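Have a look at the structure below, then the notes.
Values in this document were obtained by computation on a predicted structure and should not be read as measured data. Atoms within a ligand are numbered from 1 in the order they appear, just like the ligands themselves. Residue numbers start at 1 and run along the sequence shown.
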Amino acid sequence: MDLPYLTISEASELLRKKEISPVDLTKALLDRIEEIDGELNSFITVLRDHSLKSAEEAEKQIISGTYKGPLHGIPMGIKDIFVMRNVKTTCGSKILENFIPPYDSTVVRKLTDSGATIVGKNNMDEFAMGSSTENSYFGPTRNPWDLERVPGGSSGGSATAVAASLCLASVGTDTGGSIRQPASFCGVVGLKPTYGRVSRFGMIAFASSLDQGGPITKTVEDAATMLNVIAGNDPRDSTSVDEPVPNYMKCLTDEIKGVRIGVPKEYFVKGIDSEIEKAVKTAIALINDLGGVVEEISLPHTEYAVSTYYIIAPSEASSNLARYDGVKYGFRVHGAKSLMDMYFNTRAEGFGDEVKRRIMLGTYALSAGYYDAYYLKAQRVRTLIKKDFEDAFEKVDVIMTPTSPEPPFKIGEKSDDPLKMYLSDIFTIPCNLGGLPGISIPCGFSSSGLPIGVQFLGKPFDEGSILRVAHAYEQHTNWRKKRPPI
Ligand code: GLN
């Protein structure tokens, strides 16, 4: 049996029936990582010994009759932004190159408590700033469908690892699209939960009012399984919300008759790739055939989303990243003549260009005299964008859009033009500004064989509806069965 190609649901069925063993499954993935990740660079750290020990433990438990549920014995990756006790956690940055945290993030703890095995920490753009995973201190990740192209970002390591069958699933983070856009570029499923649904405790902060962790998987069912485990209120994260967590598996009814689907006209503007437009329109037609009630809607402030995001996110980042000063943890330069020099030199050497650009942008936007003109104004526009969604959700249950305006681009193609790079997230950013849940799933391939994704957005805390619609669509298409050539 080709163990690496299993989905979570297939593997867990076999594990539960003791037809395969957690150790064999983990070994198969570790071998595959060793074989091909040199080319892909989707892991910063591979936890060979740790994961084999954890798999042995899972195996003992299953043999002795303790079955912890659908993640028991499942090998997965995790974006290197989630701290993990006694395991190097870099956030893709030189400044944390040797940082070994003394505690687990809530997401890691919940996964390991449910019996999952973490095989490694996935590559990412430094501090999750980017749309291509080219901004990693540890080198770019490559797209498994075409090694010359980017996997998207910032959770590009996670999406690549899942698409290339190096782990059965991974957890990424999404501040402006970093789960959904790489999922779409790599032909896998990426779910960004509602802000507050999944604990941010131990998830290294980029822009605290936008960041949210969520699963990257091969199927919608697997995303539901993962969300069941990682969702929920956490007293250690004051922004996590005390809302009941439904059993998301129950939402996968394969029945969408009468579900009202809104298609925003602002998401089909000129500039969108014609093959993407065609694939998404075909997907919309299928949703209609399956009984969804499709109607055009308007989200009039969409055009301001990218500029609003690029004031708010860098502002929050400039404040969050002030803690990396060479004193508390992480990298420190040696030989500085004064304390000030030590701060300056540590940050100058420890951070990459994009991170510095964001810190400068954010510091400027927050500075006296500019605060009202930029930050405050951006917050007001954010409210308008949120209000657009509230109005739309009076009329529809789910919003359907392309995930990205373009297919995966060439490595290096946009590195010199940050503004071009920022536009990659034009369809994913509004969802973060509104705090909504969103999911990207495969909906086709371009003529050159590159994956295309479609996105579903839901009301706050209604992950159930987007999972339901995405699952119904997925069950009536075969995109998930295609594998990258690597
Ligand atoms: N690409 C966007 C940025 O660079 C979003 C990143 C993210 O979601 N973490 O900020």
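For the side chain to side chain contact (heavy atoms under 4.5 Å, CB included) with C186, the lone residue among V150, T160, L450 that qualifies is T160. Of the residues listed (L47, V46, I33), the one engaging V119 in a side chain to side chain contact (heavy atoms under 4.5 Å, CB included) is I33, and it is the only one.
The distance criterion of under 3.5 Å between nitrogen or oxygen atoms is not met by D174 with respect to ligand 1. Considering backbone and side-chain atoms together, S178 places an N or O closer than 3.5 Å to an N or O of ligand 1.
Close approach of ligand 1 to G130 (heavy-atom distance below 4.0 Å) involves ligand atoms 1 (N), 2 (C), 3 (C), 4 (O), 6 (C). If you number the atoms of ligand 1 from 1 as listed, the ones under 4.0 Å from a heavy atom of S154 come out as 9 (N). The ligand atoms of ligand 1 that sit less than 4.0 angstrom from a heavy atom of Y309 are 2 (C), 3 (C), 5 (C), 6 (C), 10 (O). Atoms of ligand 1 found under 4.0 Å from any heavy atom of A128, numbered from 1 in the order shown, are 6 (C), 7 (C), 9 (N). Near S131, meaning under 4.0 Å from any of its heavy atoms, are these atoms of ligand 1: 1 (N).
Ligand 1 is never approached by Y422 to a heavy-atom distance shorter than 4.0 Å. Put simply, part of R358 is less than 4.0 Å from ligand 1, judged by heavy atoms.
The option from T173, D425, L210, T175 that lies nearest to atom 2 (C) of ligand 1, judged by heavy atoms, is D425. Among F206, Y310, F127, the residue whose heavy atom sits closest to atom 3 (C) of ligand 1 is Y310.
Taking the ring centroids of Y324 and F127, they lie under the 6.0 Å cut-off.
Classified by interplanar angle (parallel below 30°, tilted 30° to 60°, perpendicular above 60°), the ring pair Y374/Y364 is tilted. The aromatic rings of H301 and Y304 sit tilted relative to each other, their planes meeting at an angle between 30° and 60°.
One distance of note links CD1 of I179 with OG of S184; it measures 13.5 Å at 0.5 Å rounding.
At a heavy-atom distance under 4.0 Å, no atom of Q212 approaches ligand 1.
Y267 and P402 get closest at one heavy-atom pair: O-CG, 3.9 Å.
The pair D353-R357 does not meet the salt-bridge criterion, since no charged nitrogen lies less than 4.0 angstrom from a carboxylate oxygen.
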